[in-house]
Amino acid sequence: MIRHVSTKARLHSRTDAVRHRPLRATVQVGGELLITAGVVVLLYIAWQLWWTNVEAGAHHDDVVSSLADSYVSSAPDGTAAQDRDAQTAQQDDGAEPPVMDPVAYGEAMGIMYIPRFGEDYSVPIASGVGLDVLDKLGLGHYPETGLPGETGNFAVAGHRQSNGKVLDLIHTLVPGDELYVHTADGYYTYEYRDQEIVLPHRTDVLLPVPTRPGVEPSEPLLTLTTCWPRYGDEKRVIAYAVMTSWRPLEAGPPAAIADRVAEISRR
């Protein structure tokens with residue numbers, strides 16, 4: 001049996017198709033836009049969490065090598081074993097460590113070594129904590145805080161997951177870990193004590209004695225600040241360390257970083 005579709009029914013079907021065509025086109029375009037937006041977001045995440053680390057890491061290596069070269073060229077003559085022993089003995093006898101002069105904003109001022117973060121961990125320290133410094137130069141020194149070896153609080157900031165992720169492994173530090181700051185004057189050794197998580201407005205962690213306003217400092221401290229949680233920035237994680245020793249440049253690096261310093265110097 002053959003059914004005949006009336007002209008009226010055919011016209012009604014065509015009318016429905018025409019009526020729904022803009023809706024289908026809108027849905028199709030919307031879907032394509034969502035897919036494109038998703039691809040853009042994924043590319044941005046890849047750029048932020050991968051490429052910025054590659055790019056910044058290479059720049060950090062260049063800056064560290066340049067600093068190390070400048071320290072070698074500025075070191076006084078006479079680094080024979082007996083001279084090193086004399087310098088080290090002077091340190092052990094309680095000689096005050098030198099305090100470097102402040103440097104201009106954005107200028108590199110030292111190298112940080114943290115063996116807990118890996119045998120090859122060595123990143124530059126520069127003056128300032130603006131993104132133009134942190135994105136390119138590694139660790140940034142809060143200019144209002146102390147300097148390496150100075151009684152008080154030498155405080156620095158660094159990124160957690162991007163632009164070199166210089167403080168990504170801050171949560172792995174354990175009490176007793178040693179952190180080393182290398183400057184043109186020598187090597188400052190700090191011992192990690194503890195850390196805490198605070199809200200971003202807690203600037204009291206940068207005080208000469210962190211979180212204790214009005215208290216006079218009695219020892220050189222080091223404070224590291226970065227974002228928390230690891231893939232967010234709702235709060236800040238603050239790590240505290242205290243200086244335990246200092247070695248003049250002529251005495252050579254502490255044993256724990258000697259190989260890394262030598263490797264950098266050979267570049």
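Side chains of Asp185 and Tyr71: a donor-acceptor N/O pair is absent below 3.5 angstrom, by distance only. In this structure, a donor-acceptor pair under 3.5 Å is present between the side chains of His159 and Asp135. With no hydrogens or angles considered, a side-chain donor-acceptor pair links Thr225 and Tyr142 at under 3.5 Å.
Between the side chain of Arg193 and the backbone N or O of Ala241, no donor-acceptor pair lies under 3.5 Å. Ser65 places no side-chain N or O within donor-acceptor distance of the main-chain N or O of Asp62, the cut-off being under 3.5 Å. The closest donor-acceptor contact from the side chain of Asp177 to the backbone of Val174 lies under 3.5 Å. His141 contributes no side-chain N or O that, together with a main-chain N or O of Ala126, makes up a donor-acceptor pair within less than 3.5 Å. Panel note: side chain Asp61, backbone Val123; no donor-acceptor pair is recorded below 3.5 Å. Looking at Arg236, its side chain does come within 3.5 Å of a backbone N or O of Asp233 through a donor-acceptor pair. The backbone N or O of Ala155 sits less than 3.5 Å from a side-chain atom of Thr145, completing a donor-acceptor pair. Counting only distance, with no hydrogens or angles, the side chain of Thr226 and the backbone of Gly158 share a donor-acceptor pair below 3.5 Å. Checked by atom type and distance alone, the side chain of Tyr121 pairs as donor or acceptor with a backbone atom of Val166 at under 3.5 Å.
The environment of Asp259 atom CG is sparse: at most 12 non-hydrogen atoms of other residues, nucleotides or ligands sit within 6.0 angstrom. Atom CZ of Arg230 sits in a crowded spot, with more than 12 heavy atoms from other residues, nucleotides or ligands closer than 6.0 Å. Other residues, nucleotides and ligands contribute more than 12 heavy atoms inside 6.0 Å of the CD atom of Glu234. The local environment of CD in Glu263 is crowded, with over 12 non-hydrogen atoms from other residues, nucleotides or ligands closer than 6.0 Å.
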Going through the distances and angles, do Val198 and Trp228 end up as a side-chain contact (heavy atoms from CB on, under 4.5 Å)?
CA-CA 9 Å; Val198 303; Trp228 186 93; over 6 Å; no
Thr223 vs Val156, test: side-chain contact (heavy atoms from CB on, under 4.5 Å). Steps then yes/no.
CA-CA 6 Å; Thr223 297; Val156 299; over 6 Å; no
Assess whether side-chain contact (heavy atoms from CB on, under 4.5 Å) is satisfied between Tyr190 and Val242, documenting all intermediate values.
CA-CA 5 Å; Tyr190 293 84; Val242 61; 5.8 Å; no
Applying side chain to side chain donor-acceptor pair (under 3.5 Å), run through Glu196 and Tyr240 and close with a yes or a no.
CA-CA 9 Å; Glu196 64 175 334; Tyr240 302 108; 2.6 Å; yes
List the steps and the verdict of side-chain contact (heavy atoms from CB on, under 4.5 Å) for Leu179 and Arg116.
CA-CA 9 Å; Leu179 300 79; Arg116 173 65 65 181; over 6 Å; no
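For the atom pair Arg202 CZ and Lys235 NZ, the distance stands at 11.0 Å (nearest 0.5 Å). The CG atom of Leu139 sits 5.0 Å away from the CG atom of Leu167 when rounded to the nearest 0.5 Å. Atoms OG1 and CZ, from Thr189 and Arg247 in turn, are 8.0 Å apart once rounded to the nearest 0.5 Å. Considering CD of Glu191 and CG of Leu222, their distance stands at 12.0 Å, rounded to 0.5 Å. Between atom OH of residue Tyr187 and atom NE2 of residue His182 there is a gap of 3.5 Å, rounded to the nearest 0.5 Å. Between Ile170 atom CD1 and Cys227 atom SG the span is 10.5 Å, to the nearest 0.5 Å.
Linking Ile, Leu, Val, Met, Phe, Trp and Tyr residues whenever their side-chain heavy atoms come within less than 4.5 Å places Ile125 and Leu224 in a single cluster. Residues Leu67 and Ile257 are members of one and the same hydrophobic cluster, defined by side-chain heavy-atom contacts under 4.5 angstrom among Ile, Leu, Val, Met, Phe, Trp and Tyr. Both Val99 and Phe154 are assigned to one and the same hydrophobic cluster, defined by single-linkage of ILVMFWY side chains at heavy-atom distances under 4.5 Å. Hydrophobic clustering (ILVMFWY, side-chain heavy atoms < 4.5 Å, transitive): Val237 and Val129 are in distinct clusters. Side-chain heavy atoms closer than 4.5 Å link hydrophobic residues (I, L, V, M, F, W, Y) into clusters, and following such links, even through other members, never connects Leu207 to Ile238.
Counting only heavy atoms from C-beta outward, the side chains of Tyr188 and Ser245 never approach each other to under 4.5 Å. Met243 has its side chain within reach of Pro97: a pair of non-hydrogen atoms, C-beta onward, lies under 4.5 Å apart. Inter-residue side-chain proximity for Arg160 and Lys165 is flagged as unmet; no heavy-atom pair is nearer than 4.5 Å. Asn153 places none of its side-chain heavy atoms less than 4.5 Å from the side chain of Val209. Within the 4.5 Å cutoff, no side-chain heavy atoms of Val261 are placed close to those of Tyr180. Two residues are said to be in side-chain contact when any heavy atoms from C-beta on lie closer than 4.5 Å; His201 and Thr203 fail this criterion.
Considering all non-hydrogen atoms of both residues, Ala68 and Ile264 come closest at CB-CG2, 3.5 Å. Closest approach of His60 and Gly138 over heavy atoms only: NE2-N, 3.1 Å. Contact record, Val133 with Gly106: CG2-CA, 4.0 Å, taken as the closest heavy-atom pair. Taking both residues in full, the closest heavy atoms of Ala258 and Pro253 are given as CA-CG, 3.7 Å, listed atom of the first, atom of the second, then distance. Listed here is the closest heavy atom pair of Ser218 and Thr151: C-CG2, 3.7 Å. In plain terms, the two heavy atoms of Gly164 and Ala56 that are nearest each other are N-CB, 3.6 Å.
Salt-bridge formation is not detected for the pair Asp120/Arg260: no Lys NZ or Arg NE/NH1/NH2 atom is positioned less than 4.0 Å from an Asp or Glu carboxylate oxygen.
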